[in-house]
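This chain uses plain numbering: 1 for the first residue, then up along the sequence.
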Amino acid sequence: MSRLACCRCLVAALVVSSATAPLLNAADGANASGPPTSASYILVGFAGGFVRHDNPHHGPVKLAQRIGQDLPKGGSIQVFENRHRKAAYKSILRLLDSNHDGVLSDQEKSQARIILFGHSWGASAVVLLSRELDRAGIPVLLTVQVDSVAKPWQHDQIIPDNVAAAVNFYQPHGLLHGRSQITAADDSKTQILGNYRFDYQKEPVQCTGASWLQRVFTPSHMQSECDPRLWSQVEDLVRKRMEPPPAAAAVIPSL
């Protein structure tokens with residue numbers, strides 16, 4: 001074998017060895033020296049209005065049920081009533097605390113893979129929770145607001161700069177209608193994926209399980225809660241954020 005061929009073989013062996021060493025160490029169990037791993041993805045949804053977190057007709061609940069069927073290993077998905085934002089915050093902290101010492105290290109915070117979604121008051125709760133996570137130094141992958149309605153003391157328009165990407169779906173009609181536009185506190189840190197308008201006066205959808213009050217007084221807002229087209233788009237966005245980035249191929253330099 002020529003000297004050039006030997007050198008190529010040696011470089012290839014070194015590349016393969018360095019690439020596989022962490023995997024072999026991790027397989028050693030108790031002997032692994034790497035940092036503890038937190039939940040791979042943490043998904044939190046918020047129900048709108050006075051809807052219960054387990055209402056089977058509600059958009060966020062149905063979304064959580066679908067994604068939960070094939071959630072990546074180590075992941076977590078929960079839906080909360082919008083008034084239980086503090087409980088959601090504590091749940092996230094607990095899931096990120098991989099060594100269970102009650103304190104989040106910078107490394108544990110950096111491992112956060114958080115996606116938040118909600119409807120109506122629940123969509124506003126998404127923004128408020130993002131701000132609370134921002135104050136704690138915890139990043140958020142994606143926020144999704146569907147027909148976002150803020151309570152009088154809330155502000156659901158400005159997305160904090162710990163959020164990597166945010167998207168807003170809304171409809172413009174009726175006593176209750178969602179915020180038509182969200183903006184980033186810092187465009188260099190947060191990508192606004194879009195503000196998408198749905199018009200149920202032009203393209204109505206059928207909803208099951210809605211009350212007569214909703215059907216009479218807030219029909220368009222009600223339809224944003226159950227619209228399968230809208231929630232299918234939300235699901236696609238969420239799933240894309242959970243796709244692992246393509247692995248970098250090892251390149252052997254020419255000698």
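- For the pair Q171 (side chain) and F198 (backbone), a donor-acceptor distance under 3.5 Å is absent.
- Without hydrogens or angle criteria, S232 side chain to R229 main chain gives no donor-acceptor distance under 3.5 Å.
- Partners of P228 according to the side chain to side chain contact (heavy atoms under 4.5 Å, CB included) rule, which considers only residues two or more places apart in sequence or in another chain, do not exist here.
- Under the salt bridge (charged side-chain N to carboxylate O under 4.0 Å, His left out) criterion, D106 pairs with no residue at all, not counting sequence neighbours.
- Nearest heavy-atom pair across A123 and G118 is CB-O, 3.4 Å.
- Cluster membership check: V51 does not share its hydrophobic cluster with L63, using side-chain heavy-atom separations under 4.5 Å among Ile, Leu, Val, Met, Phe, Trp and Tyr.
- Closest approach of I182 to A166, counting heavy atoms only: CD1-CB, 4.0 Å.
- Residues Y41 and V79 do not share a hydrophobic cluster, clusters being chains of Ile/Leu/Val/Met/Phe/Trp/Tyr side chains in contact below 4.5 Å.
- Screening residues 131-216 for disulfide bond (SG atoms under 2.5 Å apart), with sequence neighbours left out, gives C207-C226.
- Rounding to the nearest 0.5 Å gives a distance of 13.5 Å between CE of M242 and CZ of R113.
- Residue pairs that meet the ring pair (Phe, Tyr, Trp, His ring centres under 6.0 Å) test with at least one member in residues 86-111, sequence neighbours left out, do not exist here.
- Between the CD atom of E235 and the CG atom of L230 there is a distance of 12.0 Å, given to the nearest 0.5 Å.
- Contact check for E203 versus V205: no side-chain heavy atoms found under the 4.5 Å cut-off.
- When the side chain to side chain contact (heavy atoms under 4.5 Å, CB included) test is applied to D101, the partners found at least two apart in sequence or on another chain are D97, N99, V103.
- Scanning both residues, T190 and V163, for their nearest heavy atoms gives OG1-O, 2.6 Å.
- Considering CD of Q206 and OG1 of T208, their distance stands at 9.5 Å, rounded to 0.5 Å.
- Residues I77 and I115 share a single hydrophobic cluster, defined by chaining ILVMFWY side chains whose heavy atoms lie under 4.5 Å apart.
- Contact detail for P60 and F46: the closest heavy-atom pair is CG-O, 3.6 Å.
- Within the structure, no pair that satisfies the disulfide bond (SG atoms under 2.5 Å apart) test touches residues 73-178, not counting sequence neighbours.
- Under the side chain to side chain donor-acceptor pair (under 3.5 Å) test applied with E225, the options K62, H58, H57 reduce to a single match, H58.
- Here the closest non-hydrogen pair linking R215 and P219 is O-CB, 3.6 Å.
- Hydrophobic clustering keeps V61 apart from V234 (ILVMFWY residues linked when any side-chain heavy atoms are closer than 4.5 Å, directly or through intermediates).
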Derivation and outcome, side-chain contact (heavy atoms from CB on, under 4.5 Å), residues D227 and F169: CA-CA 11 Å; D227 182 0; F169 298 88; over 6 Å; no
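- With S124 as reference, Q154 is the one residue of K151, Q154, Q157, H119 to meet the side chain to side chain donor-acceptor pair (under 3.5 Å) rule.
- H173 and H177 make their closest contact through O-CB, 3.5 Å (heavy atoms, listed as atom of the first residue, atom of the second, distance).
- Taking the ring-ring contact (aromatic ring centres under 6.0 Å, His included) definition, one finds that Y170 meets it with nothing, sequence neighbours left out.
- Summarising the hydrophobic clusters (Ile, Leu, Val, Met, Phe, Trp, Tyr; side-chain heavy atoms under 4.5 Å, direct or chained), the residues clustered with W121 are F50, V149, L176.
- E81 meets the side chain to side chain contact (heavy atoms under 4.5 Å, CB included) test with R52, H53, R83, H84; sequence neighbours excluded.
- The line from CD1 of I42 to CG of L71 is 10.5 Å long, rounded to the nearest 0.5 Å.
- The shortest distance between side-chain heavy atoms of L96 and K109 does not fall below 4.5 Å.
- Partners of D199 by salt bridge (charged side-chain N to carboxylate O under 4.0 Å, His left out), not counting sequence neighbours, listed by chain and number: R197.
- Residues Q145 and N168 have side chains that never bring a donor and an acceptor to within less than 3.5 angstrom of each other.
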Got a list of side-chain donor-acceptor pairs under 3.5 Å for residues 125-142, not counting sequence neighbours?
from: S130; atom 1: OG; to: V126; atom 2: O; distance (Å): 2.9
from: R131; atom 1: NH1; to: H155; atom 2: O; distance (Å): 2.8
from: R131; atom 1: NH2; to: H155; atom 2: O; distance (Å): 2.8
from: R131; atom 1: NH2; to: I158; atom 2: O; distance (Å): 3.1
from: E132; atom 1: OE1; to: R85; atom 2: NE; distance (Å): 3.4
from: E132; atom 1: OE2; to: R85; atom 2: NE; distance (Å): 3.1
from: E132; atom 1: OE2; to: R85; atom 2: NH2; distance (Å): 3.0
from: E132; atom 1: OE2; to: K86; atom 2: NZ; distance (Å): 3.0

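- Contacts of W212 classified as side chain to side chain contact (heavy atoms under 4.5 Å, CB included), with partners at least two apart in sequence or in another chain: V216, F217.
- Under 3.5 Å, the side chains of H221 and S120 contain a donor-acceptor pair of N or O atoms.
- Considering CG of L116 and CD1 of I92, their distance stands at 5.5 Å, rounded to 0.5 Å.
- Here the straight-line distance linking atom CD of Q111 with atom CG of L104 works out to 10.5 Å at 0.5 Å rounding.
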